[in-house]
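Working notes, structure below.
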Amino acid sequence: MMTEITNLSTDLIEVILSLLPIPNLVRVSTVCKLWHSIISSPSFSSLTNHTNKPWFFLHGIHNISSKNNQSFAFDPSSNSWFLLPTPTTPQHHQPNTSFIGTNSFFFITAPNFLYTPILHPLWHATPPLHFPRINPLLGVFQGKFIVVGGVKFIGNLVDIEDRLDVEIYDPLLGSWDLGPPLPPDFRSGNSSSSLSSAMFKGKFYVFGIYSCFVSSFDLNQRLWSEVQTLRPHGVVFSFLIACRESLVLAGVCNLPHHGSSFVLWKVDESSMGFSEMAVMPHDLLCSLFDGDEDDNKFASLKCVGLGDLIYVFNEDYHMMYPACVCEIDAVSGNCAWRRVPQLPSLMNRFHKVISFSSTVSLHSILGEREREFEHPPLQ
């Protein structure tokens with residue numbers, strides 16, 4: 001004798017729904033008021049493990065027409081891409097140089113500082129930065145924003161003498177605090193095009209993609225650590241990633257008689273020592289590129305990650321941004337690589353892409369706003 005789902009208890013329905021991936025949850029939340037109330041309740045989030053799987057975000061910028069900008073998100077649990085609502089860029093801003101995404105937010109840093117949640121775009125303005133800049137590093141911690149580095153322009157010229165203090169914004173206070181600038185070692189490359197960053201255990205790490213310099217900013221003491229060098233043998237360029245259990249260095253390594261490979265190294269944050277974790281399978285690395293090309297092809301590789309997932313993708317438009325993901329087992333440390341499905345076919349051609357990884361809450365997808373960031377929207 002069959003029992004219809006409508007005859008089940010609310011607790012049992014809640015358990016059944018918790019087994020569904022996020023895309024299905026969004027759909028079934030519209031079936032009836034009961035299911036919507038179950039899925040949107042705070043207790044429901046504790047039953048699911050979807051927030052443990054960070055999503056991969058890709059935002060494409062078209063320099064000529066902002067109408068051609070598009071935002072995509074990849075959900076590893078459902079192995080699916082989604083086309084997101086694209087934020088309309090406010091007038092008098094420079095999206096091609098000052099548009100940044102991280103930690104579930106989009107930011108515009110010049111000429112004014114603005115931010116918006118990614119899933120439900122609505123721009124909010126802050127008081128002006130003490131040091132307006134483009135292409136800085138950005139992080140989110142405890143409901144606050146940290147802005148590091150970047151480039152200041154005087155007219156059409158880059159001011160390389162201004163080291164641009166660290167600035168931290170507290171939405172609850174509505175003001176910016178100043179901290180010491182990046183150490184002088186980073187002077188030759190202080191923008192997000194030559195630096196990567198990682199938020200890990202109360203510190204904001206800054207790493208030179210090519211220089212391999214690394215320093216951390218203590219978010220409580222507001223001080224920079226001594227600059228060290230984190231350069232595995234044969235590394236060409238690399239990115240620093242904050243994973244669940246440790247910092248991870250991920251990058252292209254070129255050794256004689258072995259060719260080029262993409263390698264992950266586990267980093268000890270106390271000593272900055274490192275040990276090899278995994279190497280991307282050669283056939284998977286080759287699948288990110290066209291056939292016979294020179295070694296310069298690897299310059300288009302980018303890497304982002306969070307939690308137990310590290311995403312590697314090719315930002316070359318002609319390849320349609322192929323990507324793969326490595327999942328690190330939290331217990332054994334074993335790494336499993338797989339190809340990410342192709343992006344949706346209805347995509348435009350972009351002049352620049354912004355990429356990052358971020359956890360996503362079911363409440364944010366359903367439209368619930370984070371209270372700590374609630375401010376009057378930009379008119």
Side-chain angles (χ1 to χ4, degrees), residues 54-66 68-74 76 81-84 86 94-103 106-107 118 134-138 151 189 191-198 207-210 235-241 248-254 260-264 280 284-291 293-306 309-326 337-358:
W55 288 25
F56 174 47
F57 291 87
L58 200 66
H59 177 75
I61 295 177
H62 193 280
N63 288 348
I64 299 175
S65 174
S66 61
N68 290 328
N69 295 349
Q70 287 178 307
S71 299
F72 302 92
F74 173 73
W81 281 100
F82 303 100
L83 180 63
L84 303 179
T86 303
Q94 309 168 36
N96 59 324
T97 56
S98 63
F99 196 100
I100 297 172
T102 189
N103 294 81
F106 284 135
F107 299 90
I118 292 172
I134 63 172
N135 277 343
L137 296 173
L138 261 159
V151 177
S191 74
S192 58
S193 59
S194 57
L195 299 174
S196 71
S197 61
F207 176 76
I209 295 172
Y210 304 100
V235 71
V236 180
F237 62 88
S238 52
F239 305 85
L240 192 62
I241 310 293
V248 172
L249 193 65
V252 172
C253 193
N254 196 354
S260 297
S261 56
F262 195 91
V263 185
L264 304 182
M280 183 189 298
L284 190 57
L285 180 61
C286 292
S287 72
L288 300 180
F289 300 94
D290 285 326
E293 297 182 41
D294 57 32
D295 287 340
N296 290 331
K297 64 184 180 182
F298 294 107
S300 59
L301 276 187
K302 301 297 178 184
C303 182
V304 297
L306 192 67
L309 298 181
I310 294 179
Y311 296 94
V312 184
F313 80 103
N314 186 341
E315 66 172 0
D316 184 356
Y317 167 77
H318 300 286
M319 289 290 295
M320 300 297 288
Y321 313 110
C324 65
V325 59
C326 176
W337 298 84
R338 74 176 191 271
R339 181 72 184 266
V340 170
Q342 287 186 325
L343 276 162
S345 57
L346 297 176
M347 63 175 298
N348 301 321
R349 178 168 184 166
F350 310 121
H351 297 89
K352 178 182 178 181
V353 289
I354 306 296
S355 62
F356 58 96
S357 181
S358 177

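- Here the side chains of L301 and F237 are in contact, with some heavy-atom distance below 4.5 Å.
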Taking it one step at a time, do F72 and L83 satisfy side-chain contact (heavy atoms from CB on, under 4.5 Å)? CA-CA 5 Å; F72 302 92; L83 180 63; 3.5 Å; yes
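- Note on ring orientation: taking the six-membered ring where Trp is involved, the planes of F356 and F106 are perpendicular (angle over 60°, cut-offs 30° and 60°).
- Between the CD atom of E315 and the CD1 atom of I354 there is a distance of 9.0 Å, given to the nearest 0.5 Å.
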Stepwise side-chain contact (heavy atoms from CB on, under 4.5 Å) check, N135 with S192: CA-CA 5 Å; N135 277 343; S192 58; 3.8 Å; yes
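- Expressed to the nearest 0.5 Å, how far NZ of K302 lies from CG of L58 amounts to 12.5 Å.
- Side-chain contact between V236 and F298 is absent, with no heavy atoms from C-beta onward closer than 4.5 Å.
- When all heavy atoms are compared, the tightest approach of R339 to P322 is NH2-CB, 3.2 Å.
- A ring-ring contact (aromatic ring centres under 6.0 Å, His included) with F313 is found for one member of F57, F56, F262 and no other, namely F56.
- Annotation for I241 and I310: closest pair CG2-CG1, 4.3 Å, computed over non-hydrogen atoms.
- With S196 contributing its side chain and L240 its backbone, the two residues share a donor-acceptor pair below 3.5 Å.
- Nearest heavy-atom pair, L84 versus A73, reported as atom, atom and distance to 0.1 Å: CD1-CB, 3.8 Å.
- Contact detail for F99 and K352: the closest heavy-atom pair is O-NZ, 4.5 Å.
- Between V304 and the options S355, P54, S358, a side chain to side chain contact (heavy atoms under 4.5 Å, CB included) holds for only S355.
- C253 and V235 make their closest contact through SG-N, 4.0 Å (heavy atoms, listed as atom of the first residue, atom of the second, distance).
- The two residues L138 and T102 have their closest heavy-atom pair at O-CG2, 3.6 Å.
- A distance of 11.0 Å separates CZ of F239 from CG of L195, quoted to the nearest 0.5 Å.
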Verify side-chain contact (heavy atoms from CB on, under 4.5 Å) between R338 and V325, making sure each step is shown before the conclusion. CA-CA 6 Å; R338 74 176 191 271; V325 59; 3.6 Å; yes
Check step by step if side-chain contact (heavy atoms from CB on, under 4.5 Å) holds for L264 and W337. CA-CA 12 Å; L264 304 182; W337 298 84; 3.9 Å; yes
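- To the nearest 0.5 Å, atom CZ of residue F82 and atom CG of residue L343 are 12.5 Å apart.
- Between the side chain of S357 and the backbone N or O of W55, at least one donor-acceptor pair lies under 3.5 Å.
- Under the 30°/60° scheme for interplanar angles, the aromatic rings of F74 and W81 are found to be tilted.
- Between M280 atom CE and L288 atom CG the span is 5.5 Å, to the nearest 0.5 Å.
- Distance CZ/F350 to CG/N68: 8.0 Å, rounded to 0.5 Å.
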